[in-house]
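A quick write-up on the structure given underneath.
By convention in this document, chain letters (A, B, ...) are assigned in the order of the sequence lines, proteins followed by strands, and residues within each chain are numbered from 1.
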Amino acid sequence: MTAVVDLRGVSKSFGPHRVLDGVDLELAEGTVTVILGPSGSGKSTLLRTINHLEKVDRGQVRVNGTLIGYRQVGERLHELPEREVLRQRSRIGFVFQSFNLFPHLTVLDNVVEAPVSSQRRRRHEVEPEARALLERVGLGDKAAAYPRQLSGGQQQRVAIARALALQPDVILFDEPTSALDPELVGEVLAVIKELAREGATLVVVTHEIGFAREVADTVVFLGEGRVVEQGPPGQVIDHPRHERTRAFIDRVL
Amino acid sequence: MTTTSAVRPVATDQQPAAAPPPTTRPDHAPALTVVPRRNPWTWVGVAAVAVLVAMFVNGLATNPGWDWPTFARYFATETVIKALGTTIQLTVLGTVAGFVLGVVLAAMRLSPNAFLRSVAWAYIWAFRSIPLIVQLLFWFNIAYLYQSISFGLPFGPSFGSVATNDLFGALGAAVLGLALHQAAYAAEIIRGGILSVDEGQREAASALGIPRRRQFLRIVLPQAMRSILPNAANEVISLFKGTSIVSVLAIPELFYQVQVIYGRNSRVVPLLLVATVWYIILTTLLSVGQYYVERHFARGSSRTLPPTPLQRLRTRLAAFGTSTSRAAGTTTAGVAR
Ligand SMILES: Nc1ncnc2c1ncn2[C@@H]1O[C@H](COP(=O)(O)OP(=O)(O)OP(=O)(O)O)[C@@H](O)[C@H]1O
Ligand SMILES: [Mg+2]
């Protein structure tokens, strides 16, 4: 089985502060990986290095075998022109904690925008797909609404449809339910579970342990920029080997 | 005046219309009518201001000094209309050129390159420091500094040259001065608008792989427009009136032209009034335009946009129409239209 996402020795510092310290990860196709870890452990930064929203200082990120953000020439990595990076990103979905929908565009236009402008597809071809995606996240009747007319849970589902519209190889979720009222968390998690069931490759940063236990194939516990331990949820969540993991799980459960 | 006396008629009015709902709960609270607070001092203020307004209007109508017949005679004469055309032309050219250069300067100020940032900063600093009238006189007299302007490579050979005075007529100098002045202000307004857009918007666009130009034109700029527009409209209006300064270059724009006319016939006040009324009319048109353009860019900014004054008027009329037709017991469709 090939790795869709392959991180090798990824390190990243902000000034003197080393946020990621030699992270190695291999995520197989069709798997769901949940990343857990205390606040400030580098979860968001790790996710953002995968689509080059954050540049790495050392190490390599590959998606489906393609080096992300750089071109290798001998022993050196040359940063790609922005145009190339943007093209690579259009194969990687990203769902933000704060949704970041475009408030001046309708829900439908939010979903249609990227396939048309970054994958240069025809609008009339994309639009039926976008409507089908909205239907799939349960918002078929909201195509003409503006994001601010929707609840938080609905907005996040639109954001998921927007990411799906690019037919990405992998979708990255950065705490997709943390900005939501408790009663809205379920509807967003249900959509993500549905994607998992259909065999999409997902990486989810979340504090929802129940979700991790139910859906994850692999749970990765991150501490101070390192992978402390990883394995199936039954192992990492229920029988953690490391003291740090155990302390964290006890605190959030 | 007591509050209870104000409440009663409303309450008794309402009762027959609204039948009490069938109560299932025994301790159901009676429906209470809300009466907004009234401040008697408001009415004192309204009365005082109304008297002042009445005095002013009366003065306008009856004081012979305003000389309305002369006003009427010159208001739409050919020279005045032509001068108005020049004023509009100066405004349009100054605005367009000013905002185009303003976009470039704003982009430079937001650039990661320190040299571009500094140059833009220095430009804005310089042109905001020099009074417009001084700057205009400089451009008007540029031929004293540079007799001819040659085209060619920087510091290299020249392909040809023109006399400065041929290139810059008075009108050219005026447009150039207005545009350069306007650009400094426009740049800051545009930069402020761009900065007001949440960083997450560009990040999301970039995560979706949307090309750089498209990110700016489709995602950032339309949102920036919301804060750019009110300030930009202010600038256009002040530029429009600011064109009167150009009269120092003897350009026959509106203000210069009325000065010429009252120089001949000494009817200063009515002719100043001619210019004033034209400035007011055009500013009003600009304000109405601003309202609708702002509405356009407000899409999605709130859950529902408030109705426009026209829409409000139409619903009022419609409501009035139905209520009168009901009262009269006939269909008065004409009123509703
Ligand atoms: N742009 C930045 N500049 C400086 N420091 C940063 C920047 N982004 C993140 N950091 C720091 O890097 C560390 C890791 O941040 P990151 O957002 O990856 O943590 P996280 O695990 O996602 O935390 P949380 O659960 O709170 O979201 C934090 O200490 C943070 O302050
Ligand atoms: Mg985070």
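- Both the backbone and the side chain of B:Ala205 have a heavy atom closer than 4.5 Å to some heavy atom of chain A.
- A pairwise comparison of heavy atoms in A:His104 and B:Arg218 identifies NE2-O, 2.8 Å as the closest pair.
- Taking A:Ala114, A:Pro103, A:Ala159, A:Ser90 one by one and counting their heavy-atom pairs under 4.5 Å with chain B, the maximum is reached by A:Pro103.
- The shortest non-hydrogen separation linking B:Ser206 to A:Leu86 is O-CD2, 3.5 Å.
- When heavy atoms are compared at a cutoff of 4.5 Å, B:Gln215 approaches chain A solely by way of its side chain, counted from C-beta outward.
- In terms of heavy-atom pairs under 4.5 Å with chain B, the best-connected choice from A:Arg83, A:Arg162, A:Arg87 is A:Arg162.
- Within 6.0 Å of the CZ atom in A:Arg8, the count of heavy atoms belonging to other residues, nucleotides or ligands does not exceed 12.
- Between the CG atom of B:Leu217 and the OG atom of A:Ser117 there is a distance of 11.5 Å, given to the nearest 0.5 Å.
- Remark: B:Arg212 CZ is loosely packed, at most 12 non-hydrogen atoms of other residues, nucleotides or ligands lying under 6.0 Å away.
- In terms of modelled atom types and a separation under 3.5 Å, the side chain of A:Asn51 and the main chain of B:Ala207 share no donor-acceptor contact.
- Heavy atoms closer than 4.5 Å to chain A are found nowhere in B:Arg226, neither backbone nor side chain.
- Between chain B and the residues A:Gly93, A:Pro115, A:Ser118, the most heavy-atom pairs under 4.5 angstrom are made by A:Ser118.
- Contact annotation for A:Arg48: only side-chain heavy atoms (C-beta onward) come within less than 4.5 Å of a heavy atom of chain B.
- Interface remark: B:Arg214 contributes side-chain atoms only to the contact with chain A (heavy atom separation under 4.5 Å).
- The part of A:Ile92 that comes within reach of chain B is its backbone (N, CA, C, O), which places non-hydrogen atoms under 4.5 angstrom from that chain.
- The distance from the CG atom of A:Asn100 to the CD atom of B:Glu199 is 9.5 Å, given to the nearest 0.5 Å.
- In A:Arg123, the CZ atom is crowded: over 12 heavy atoms of neighbouring residues, nucleotides or ligands sit closer than 6.0 Å.
- Residue A:Arg62 qualifies as enclosed at atom CZ: its count of foreign heavy atoms under 6.0 Å is above 12.
- Atom CZ of B:Phe115 has 12 or fewer neighbouring heavy atoms from other residues, nucleotides or ligands inside a 6.0 Å radius.
- Here A:Phe102 contributes atom CZ and B:Ile210 contributes atom CD1; the two are 4.5 Å apart, rounded to the nearest 0.5 Å.
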